[in-house]
Every structure is written in structure tokens, then in C-alpha cells.
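Only one structure is covered here, and it is reproduced in the block below.
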Amino acid sequence: MTRHFLADDDFTPVEQAEVLALAARMKAAPFAAKPLEGPVTVAMIFDKPTLRTQASFAAGIAELGGHPTLVDGALAGIGKRESVADVARVLGRQAGQIVWRTYAQRAIEEMAAHSGVPVINALTDEFHPCQLLADLLTITEHKGTLAGLKAVFLGDAACNMGNSWALAGASAGMHVVLSGPLGYQPEESMVERARAIAVVTGGSVSIEVDPRAAVADADVVITDTWVSMGKEDESAARLADLAPYQLNAELLAVAKDDAIVMHCLPAYRGKEITAEVLDGPRSVIWDEAENRRHAQKAVMAWLQDRR
Ligand code: NVA
């Protein structure tokens, strides 16, 4: 059966570890594996803004011997001009894999149900699973391990990155703490879904409203924009509600001395994170951005093997 990567827990903990190990090997030898030789076409569709995702997928597909083709989401009018199911059926006849950044999780599930080829979530309102694999690869490089580490996600913990941290961090056996005020916490069902994974891996998932208590003794401190794509109308309220969660030097001081700082970017210096921290010695954000390519190559290669 065709496998897809629509949410972080589409990979079991063992599969996640396999994909991360493959990503590390691909990073060490970027041109060695050509599973998309032919070239196989990979269709990339973006319904929301992109920089890292488009650039890293295009480069990664080329390095795997494949051919990236950009399908303009606005021109295609997916779900408006044609149903998601019909678009999926058409793209599945032209492309070997489909990468989609869109809004609703149920839309990408619909794409996967009808495409006949692997579909990869390049960010939805609900999840950002490719980013999480890049983040886990980056943590492994800097810390040598994942299981047992304390990772704290600060700010809008109800956004795609908060959800993905809960699921992927739990899969990796990490102790994930999501710290945001009421209204910015993941749904209970998401926390339960992540905790069911953590039971198996030895990790944990908790919510902590107080940012200082959350960050205490953290190994990894993560934040993200307070205004995710599509939430621009709520900007003023979000900036006010989330101000106490800014990742600054004072807050970082309560983490472990060797804690690393992560941000999936784009970052807004002076809002969710200070310039001093983002551009400081603890920050691993550029490794994180580079690792998108290596992690996504591993995902594509892994899915290509299991069509
Ligand atoms: N939570 C952010 C992630 C950006 C990569 C957003 O959805 O805009």
C-alpha cells in the first residue's frame, strides 16, 4: 500500500529513527543515492508562502536524481476549480510523488486518498512534519541523542509546530513541554494522541503555562512566530497575549547551560525571540534550515521504496 507522510505519527517511532538515520547518511554523501533517477517528477504545490520548503525540496529532489515541478496552487484552483480528489487523480498520473503546503489537514488526506502516489505534508494548519524531522536531525547532531532530552516549545503551542512537536518529540522518546497561555495550547485530543506514543517510547508530553517553569533545565528551547500563516487578522491580539513567552536571554538563562535554541523561521526579532538569542551562540537555526533538505530527501527516498 502506498505510504504517505501527512502527520508526524505516520511514521512509527522505529520508522522515524530509520528515516533520521537515512537523512544523516544522505547529508554525509549528498549525491550518492538516486532513488528518483529517471528522472521521476515530484509535484510541489504551495497554497501558502514558502522559502525554505520550496528551495529545499527542489534541491533535494534534484540531488535524488528526480525532477521538481511547481504546480501553482492559485492557477490550479484546488478545491475550487477542480475537486481535491480530481487534482489528486491527475497529478498521480504525472508525478511520482506530491508535496503540498495547504490549509486544512483533511484536504491533504483527501489528496492522499486519491493520488495513488506518496503525498508529503509540506505544512498544513495542523502539522509541519518535515520541519520536525529536520529539527530532530539537528538535535542529534548537536546533542548526540534524542531520547530523554527535555524540549520546550514556547508561544503559540496550538499551531502546527506545537502539534508536530508533541507527536514527533514523543516518537523520539523526548520529554516535550508545550508552554503557552490558555487558548494557545494544543487540543486535548492531540496531547492524548502524543501521550499514547510517549508511553511506548519512554518520553512524555506536558503543558506548562508558566514559561520559566517550562524552560527550567531544558536541553532544547524552541519557538515559532506568534502569527502563523492564515492568522494575520488576529495579529494584534496574538502579540499581546503571547508577549510573556518571548524567548530572551533572561528566560534562556533558566535552561541548561548547554541548551540549544531552535526556530523554524521566518523569525520576527523582538517579538517571539530577541535578536540576541536568535543570532547568539546557542542558536542552531541555520543548521535547522539546511537540514530540511537532508530530512526531506530521506522521506522521499523512504516513501519511494514503499510504493
Ligand atoms: N507556524 C508557522 C510555521 C512557519 C514555517 C506557520 O504556520 O506560519
Side-chain angles (χ1 to χ4, degrees), residues 5-8 44-60 73 99-108 120-139 151-169 176-181 183-187 190 194 207 220-239 241-243 245-247 261-273 278 283-296 299:
F5 189 46
L6 309 182
D8 305 79
M44 306 187 298
I45 320 162
F46 296 99
D47 296 337
K48 289 180 176 179
T50 179
L51 166 67
R52 275 150 297 280
T53 303
Q54 183 178 341
S56 58
F57 266 108
V99 172
W100 194 14
R101 166 168 290 187
T102 192
Y103 293 85
Q105 185 68 16
R106 68 174 179 283
I108 201 165
I120 299 172
N121 180 349
L123 182 146
T124 57
D125 292 343
E126 210 163 334
F127 299 112
H128 196 3
C130 290
Q131 181 68 52
L132 258 289
L133 290 178
D135 288 7
L136 296 180
L137 177 62
T138 308
I139 296 166
V152 181
F153 183 92
L154 281 172
D156 180 13
C159 82
N160 40 25
M161 284 296 295
N163 289 335
S164 278
W165 256 105
L167 296 182
V176 179
V177 181
L178 301 157
S179 185
Y184 297 89
Q185 297 169 1
E187 290 187 5
M190 191 64 68
I207 309 264
V220 184
V221 186
I222 311 117
T223 192
D224 183 15
T225 178
W226 289 339
V227 186
S228 283
M229 294 178 276
K231 301 280 186 195
E232 292 79 4
D233 290 354
E234 301 171 14
S235 283
R238 287 174 161 267
L239 299 194
D241 294 345
L242 293 165
Y245 294 81
Q246 183 188 64
L247 179 49
V261 168
M262 307 189 83
H263 192 308
C264 63
L265 303 172
Y268 299 92
R269 291 171 175 81
K271 296 207 166 62
E272 75 273 7
I273 190 165
L278 189 79
S283 168
V284 297
I285 56 168
W286 307 121
D287 292 345
E288 206 183 338
E290 176 188 336
N291 283 340
R292 291 292 302 278
R293 181 168 88 260
H294 309 300
Q296 290 157 188
V299 172

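Just follow the structure's listing: the first ligand is 1, and inside any ligand the first atom is 1.
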Backbone N/O of Phe127 and side chain of Thr124: donor-acceptor pair under 3.5 Å: yes

Sorted by chain and number, the residues that approach ligand 1 to under 4.0 Å with a heavy atom: Leu123, His128, Cys159, Asn160, Asp224, Thr225, Ser228, Met229, Cys264, Leu265

Non-neighbouring partners of Glu290 that pass side chain to side chain donor-acceptor pair (under 3.5 Å), sequence neighbours left out: His294

Separation between CD1 of Ile222 and CE of Met161, rounded to the nearest 0.5 Å: 7.5 Å

Partner residues of Gln296 under the side chain to side chain donor-acceptor pair (under 3.5 Å) criterion, sequence neighbours left out: Ser56, Arg292

Side chains of Asp47 and Trp100, donor plus acceptor under 3.5 Å: yes

Results of salt bridge (Lys or Arg N to Asp or Glu O under 4.0 Å) for Arg52 - residues two or more places apart only: none

